[in-house]
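Encoded as structure tokens, the structure appears first; notes follow it.
To find a chain, count down the sequence lines: A is the first, B the second, and so on, and within it residues start at 1.
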Amino acid sequence: MPELPEVEVIRCALEPLIMGKTFVSPVLYMSSTIEYPGPEEFCAFLSGRRVERIGRKGKYLLIDLDRGFLAIHLRMTGNLIYCEREQTHEDRFLRIGLPFSDGSALYFSDMRRFGRIWLVESEEELALRVLKNVGPDILDEVDRDKFCRLLAKRNSTRLKTLLLDQKFIAGMGNIYTDECLHRCGLHPLRQAGTLERAEVEKLYAVIREVLAEGIEFGGTSIRNYRNAAGALGDFQSRLAVYGRRGEHCRCCGAVIEKINAAGRGTYYCPRCQKISGHVS
DNA sequence: AGCACCACCTGTGGGC
DNA sequence: TGCCCACAGGTGGTGC
């Protein structure tokens, strides 16, 4: 489900709601959602921990505790729901309940069960166990020159594959990648090494612009996404190519096509996004 | 190195 | 109209 903008919208909503609160005993409806440590250790260690900061790296939500970190990845259909009062609601996809000492609670719900939660004791353990395959956050940790340097190391990788690679830059997903490539006029199968310096700089600027718009409009709700308060995002109405196969490009009128790239459904405009002879 | 494919899950919508 | 399977916002592992 969520890419960087959706996670950031959740992070912003959650921050004022749970900052400073203290967790009490979690309720595990599906303990395999906890990737680390074991269920008993998770419950014992989280109980009594206070929330000191809500952060994010790429698509990971990172909750700093007075001791340790709670890391959450929503994967495809995960969802965090905040309730002012702890409640037993009819959610068959409810995986974990995280109540606070003041009676409010955070619920982790996930239809497809891909989402994961980690609880680690230190920054070192966070880097080792959770973020070992996660590169720099594209909004917080990559400036223009760094983006150019990183991209130059990946000459033969296709742009679609590269932008989806969380080790390269963290935060891009399938929707925002297609939107960025379209806005830049770059073909998803074009190899990174064939870009002119100006095209790389344009790509960097557009990535940040599109992600910022995604956040501004509350994220993209296509199937399941809702923010922590249960509201739908609004960016789906602004998508230029994603999910629009057979429809007309709003820039040039050509028919949007769908191909498979990096194993994902990939939408692009064949007129705006020419490959200019660089197929591989 | 890069890529294609599978696995993990459940739901649903497009196509026949 | 009804049924079925391809596909869905992600990631990690395999093998070529």
Side-chain angles (χ1 to χ4, degrees), chain A residues 1-10 29-36 56-61 71-80 91-95 108-118 129-135 138 150-181 188-194 210-211 214-215 217-227 232-239 241-247 258-267 278-280:
Chain A
M1 166 193 52
E3 306 179 29
L4 186 152
E6 290 73 37
V7 178
E8 179 61 16
V9 168
I10 290 172
Y29 302 95
M30 200 187 75
S31 52
S32 60
T33 292
I34 301 164
E35 183 75 22
Y36 181 87
R56 180 191 56 72
K57 177 158 173 140
K59 303 170 193 171
Y60 288 80
L61 196 65
I72 301 170
H73 198 302
L74 304 170
R75 294 283 174 90
M76 294 285 263
T77 54
N79 202 5
L80 282 171
D91 179 357
R92 42 188 292 239
F93 305 125
L94 187 58
R95 307 304 178 200
F108 182 75
S109 174
D110 185 15
M111 183 179 78
R112 286 174 74 179
R113 307 189 189 181
F114 291 164
R116 288 292 180 269
I117 297 181
W118 296 256
R129 290 192 184 279
V130 186
L131 303 175
K132 67 173 184 315
N133 293 320
V134 182
I138 183 59
L150 291 173
L151 190 133
K153 292 187 206 161
R154 300 288 298 271
N155 273 336
S156 58
T157 309
R158 294 161 167 178
L159 292 175
K160 172 85 183 202
T161 308
L162 190 56
L163 295 184
L164 286 178
D165 181 353
Q166 302 300 297
K167 187 83 188 167
F168 169 60
I169 50 167
M172 298 292 286
N174 205 34
I175 296 177
Y176 291 96
T177 294
D178 285 2
E179 292 302 306
C180 288
L181 290 174
L189 297 181
R190 186 146 162 214
Q191 288 179 305
T194 69
V210 170
L211 292 178
I215 294 167
F217 287 94
T220 304
S221 292
I222 291 196
R223 269 163 280 272
N224 310 67
Y225 172 74
R226 297 192 171 238
N227 70 21
L232 295 168
D234 197 32
F235 196 66
Q236 60 278 6
S237 61
R238 312 182 74 81
L239 297 175
V241 285
Y242 185 85
R244 299 190 64 236
R245 172 172 50 178
E247 296 177 43
K258 183 187 183 188
I259 58 173
N260 189 290
R264 319 294 303 277
T266 298
Y267 301 85
H278 293 104
V279 196
S280 78

Between [atom2] of [N] and [atom1] of [X], the distance in whole Å:
X	N	atom1	atom2	value
Asp110(A)	dT11(C)	CG	P	13 Å
Asn155(A)	dA1(B)	CG	C1'	12 Å
Met172(A)	dT11(C)	CE	P	12 Å
Leu94(A)	dT10(B)	CG	P	15 Å
Arg154(A)	dG2(B)	CZ	C1'	8 Å
Leu163(A)	dT11(C)	CG	C1'	17 Å
Asn133(A)	dG10(C)	CG	C1'	13 Å
Asp165(A)	dG2(B)	CG	C1'	11 Å

Using the rule for Phe, Tyr, His and the six-membered ring of Trp, do Phe114(A) and dC9(B) stack at under 5.5 Å and under 30°?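 So Phe114(A) does not count as stacking on the base.
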Would you say [N] has OP1 or OP2 under 4.0 Å from some side-chain N or O of [X]?
X	N	value
Arg264(A)	dA6(C)	no
Arg158(A)	dG2(B)	no
Arg113(A)	dT10(B)	yes
Gln166(A)	dT11(C)	yes
Lys132(A)	dT11(C)	no
Lys59(A)	dT11(C)	yes
Thr77(A)	dG11(B)	no
His73(A)	dT11(C)	yes

For a 4.5 angstrom cut-off between non-hydrogen side-chain atoms, does Leu189(A) reach Ile259(A)?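 Heavy-atom side-chain distance check passes, below 4.5 Å.
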Note, Phe168(A) side chain near Lys153(A) side chain (heavy atom, < 4.5 Å):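 They are not in contact (no side-chain heavy atoms under 4.5 Å apart), so the answer is no.
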Using atom P of each nucleotide, how far apart are dC3(C) and dC8(B) to the nearest Å?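 Straight-line distance between the two P atoms is 28 Å.
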In whole angstrom, give me the gap between the P atoms of dT1(C) and dT10(B).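 So the two P atoms sit 30 Å from each other.
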Donor-acceptor pair, [X] side chain versus [Y] backbone, under 3.5 Å?
X	Y	result
Arg95(A)	Thr33(A)	no
Glu3(A)	Ile175(A)	yes
Thr77(A)	Arg112(A)	yes

Want to settle it: does Thr157(A) or Arg116(A) sit nearer the 5' end of DNA chain B, counting the closest nucleotide to each? Thr157(A)
So which nucleotide from [options] ends up closest to the side chain of [X]?
X	options	result
Ser156(A)	dA1(B), dG10(C), dA8(C)	dA1(B)
Tyr60(A)	dG12(C), dC8(B), dG2(B)	dG12(C)
Phe93(A)	dA8(C), dG11(B), dG2(B)	dG11(B)
Arg75(A)	dT10(B), dC7(C), dT11(C)	dT11(C)

Given Tyr60(A) and Gln166(A), is the side-chain hydrogen bond (donor to acceptor under 3.5 Å, both in side chains) satisfied, shown in steps? CA-CA 11 Å; Tyr60(A) 288 80; Gln166(A) 302 300 297; over 6 Å; no
So what does [X] touch, heavy atoms closer than 4.0 Å: a base, only the sugar-phosphate, or nothing?
X	answer
Lys167(A)	nothing
Gly265(A)	sugar-phosphate
Gly173(A)	sugar-phosphate

Look at the side chain of Arg112(A) and the base of dA8(C), then say whether one donor and one acceptor between them are separated by less than 3.5 Å.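 In this structure, the two groups form a donor-acceptor pair.
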Knowing that exactly one of Lys258(A), Arg264(A), Arg244(A), Lys160(A) qualifies, which makes a salt bridge (Lys or Arg N to Asp or Glu O under 4.0 Å) with Asp178(A)? Lys160(A)
Please give the nucleotide sitting opposite dC9(B) as a Watson-Crick or G-U wobble pair, both distances under 3.5 Å, or none.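 Base partner found: none.
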